[in-house]
There are 2 protein chains.
Amino acid sequence: MKLSQGVEWGLHCVVLLAQDPDGAPVSRRTLAQQFALPETYLAKHLQALVRSGVLQATSGPKGGFRLARPPEEITALDVLEAIEGSASPFVCQEIRQRGTGGVPPEECRLPCTVSSVMAAAHEAWRASLRGVTVAEIRERLPKNVRERDVRATAPG
Amino acid sequence: MKLSQGVEWGLHCVVLLAQDPDGAPVSRRTLAQQFALPETYLAKHLQALVRSGVLQATSGPKGGFRLARPPEEITALDVLEAIEGSASPFVCQEIRQRGTGGVPPEECRLPCTVSSVMAAAHEAWRASLRGVTVAEIRERLPKNVRERDVRATAPG
DNA sequence: CGTATCGAGGACATCCAATGTCCACGATAC
DNA sequence: GTATCGTGGACATTGGATGTCCTCGATACG
Ligand code: SF4
Ligand code: SF4
């Protein structure tokens, strides 16, 4: 089980944008330079965040990304599932239908206990992430991370 | 984020063995045939379960696998982490140390809020799985799955 | 003892999604 | 008009998951 590294990128970028929610848009170049990330690949994840309604993009010079909602209304789960998708990590392959003791498909309409247990764990995981907002992460960041100035390298 | 399919294989095999905890060992061949799984690859996962102390293996003719503990003392988490490992799905790459706003390593001894949030979610997930035993899964299985007879194709 | 059956474990080959790059396009500020 | 910026698709690369095969040691049975 492995989470895409893009989740870390996305969380850091969103938290960074949350430090100045109503400022000018921040370009993908500036965001990438903040963490020394590959710009074009980071752009893919930023696009996903836009599609999910977490970020809002502006084209043209002086364009870039900003939060689409106040940081109090963006949860860690929003960011994670924008990048990672919301599918359950456990994919049932219906192996109960195969092999010597195979159960006919007619009797497999309902998911079995095994998949229910895994689904419950997934939901516990989601609930934990849903309970934390980007605003809270921002407030609880260590000082040296929080005081980062995203405008330092911006043109002008 | 994707869970190895071996987890489903392992859970089903362990539950199957839990239906007759004190019977003769079941060979990997029989287990594979029960679900039409590739035998040698399933063997890898069974080995992992043995290394983790969930299963006990016996060599020689009439050998095979059986539970190392009563099913009441084996949790879904035991099976999952035996196969999948217990590492957190979120791997921190310390991107706060890189780039324009890089923080020096001396100030990064403690994990930041982002990784704490992810760690809490991981722990919620583990706690959910730790709360379910193989015995409970066995009891709650639908009848057509539970009544499977693992001896049907055994030699003799 | 010899032989057949079993698991342990390492050396591969294969597959596929994650990762990363590049280019053409439309939008916008100046 | 031009330079800057995001969008989206077409690639190439990489590493882990998947799957196979072979050798070895252990054991039941005669
Ligand atoms: S028994 Fe459960 S986990 Fe197994 S194949 Fe059926 S639904 Fe999936
Ligand atoms: S800020 Fe947190 S998630 Fe980001 S690199 Fe540091 S410890 Fe990891």
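These numbers come from a predicted model, not from an experiment. Protein chains get the first letters and strands the later ones, always in sequence-line order, with residue 1 at the start of each.
Here the side chain of A/Tyr41 is nearest to one of C/dT21, C/dG9, C/dC6, namely C/dT21. Distances from the side chain of A/Lys44 to the nucleotides C/dG20, D/dG6, D/dG9 place D/dG9 closest. For A/Ala57, the side-chain atoms get nearest to D/dG6 when compared with the rest of D/dG6, C/dT21, D/dG8. Set against C/dG20, D/dT27, D/dC21, the side chain of B/Pro61 has D/dT27 as its closest nucleotide.
Using a cut-off of 4.0 Å between Lys/Arg side-chain N and Asp/Glu carboxylate O, A/Asp78 and A/Arg69 are scored as salt-bridged. Look at A/Arg138 and A/Glu136 and you find no salt bridge, because none of the NZ, NE, NH1 or NH2 atoms lies under 4.0 Å from a carboxylate O.
At the phosphate of D/dG8, OP1 or OP2 sits under 4.0 Å from a side-chain N or O atom of A/Arg51.
Both A/Gln5 and A/Gly60 lie near DNA chain C, and the one whose nearest nucleotide falls closer to the 5' end is A/Gln5. In terms of position along DNA chain D, the nucleotide closest to A/Phe65 lies nearer the 5' end than the nucleotide closest to the other residue of the pair A/Phe65 and A/Lys2. If you find the closest nucleotide of DNA chain C to A/Trp9 and to B/Thr58, the one lying nearer the 5' end belongs to B/Thr58.
One can place NZ of B/Lys62 at 13 Å from C1' of D/dT27, the figure rounded to the nearest angstrom. Summarising the geometry, the separation between CD on B/Gln93 and P on C/dG20 is reported as 8 Å, rounded to the nearest angstrom. Between the CD1 atom of B/Ile83 and the P atom of D/dA17 there is a distance of 13 Å, rounded to whole Å. At whole-Å resolution of the value, NE2 in A/His45 and C1' in C/dT21 are 14 Å apart. If you take CD of B/Glu39 and P of D/dC22, they are 14 Å apart, rounded to a whole angstrom. With rounding to whole Å, A/Leu3 atom CG is found 15 Å from C/dT19 atom C1'. If you take CD of A/Gln47 and C1' of D/dC5, they are 12 Å apart, rounded to a whole angstrom. Here the C1' atom of nucleotide D/dT7 and the CD atom of A/Gln56 are 15 Å apart, to the nearest Å.
In this structure, A/Ser4 reaches the sugar-phosphate backbone alone: every heavy-atom distance under 4.0 Å involves primed, P, OP1 or OP2 atoms, never a base. Nucleic acid contact for B/Thr40: base, since at least one base atom lies under 4.0 Å from a heavy atom of the residue.
Using a distance-only test at 3.5 Å, with no hydrogens or angles considered, no donor-acceptor pair links the side chain of A/Thr133 to the main chain of A/Ile74. Using modelled atom types, one side-chain atom of B/Ser4 and one backbone atom of B/Gly6 make a donor-acceptor pair closer than 3.5 Å. B/Ser52 contributes no side-chain N or O that, together with a main-chain N or O of B/Val54, makes up a donor-acceptor pair within less than 3.5 Å. Not a single donor-acceptor pair under 3.5 Å links the side chain of B/Ser27 to the backbone N or O of B/Gly64.
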Using distance only, find each side-chain donor-acceptor pair of residues 114-125 of chain A under 3.5 Å and give its atom names and separation, not counting sequence neighbours.
{"unit_1": "A/Ser115", "atom_1": "OG", "unit_2": "A/Cys112", "atom_2": "N", "d": "3.4"}
{"unit_1": "A/Ser115", "atom_1": "OG", "unit_2": "A/Cys112", "atom_2": "O", "d": "3.0"}
{"unit_1": "A/Ser116", "atom_1": "OG", "unit_2": "A/Cys112", "atom_2": "O", "d": "3.0"}
{"unit_1": "A/Glu123", "atom_1": "OE1", "unit_2": "A/Arg126", "atom_2": "NH1", "d": "3.2"}
{"unit_1": "A/Glu123", "atom_1": "OE2", "unit_2": "A/Arg130", "atom_2": "NH2", "d": "2.8"}

Quiz item: With Watson-Crick and G-U wobble geometry limited to distances under 3.5 Å, how should the secondary structure of DNA chain D be encoded in dot-bracket form, using | for bases paired to another strand and [ ] for crossing pairs?
Solution: ||||||||||||||||||||||||||||||

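With no hydrogens or angles considered, a side-chain donor-acceptor pair links B/Gln93 and A/Gln5 at under 3.5 Å.
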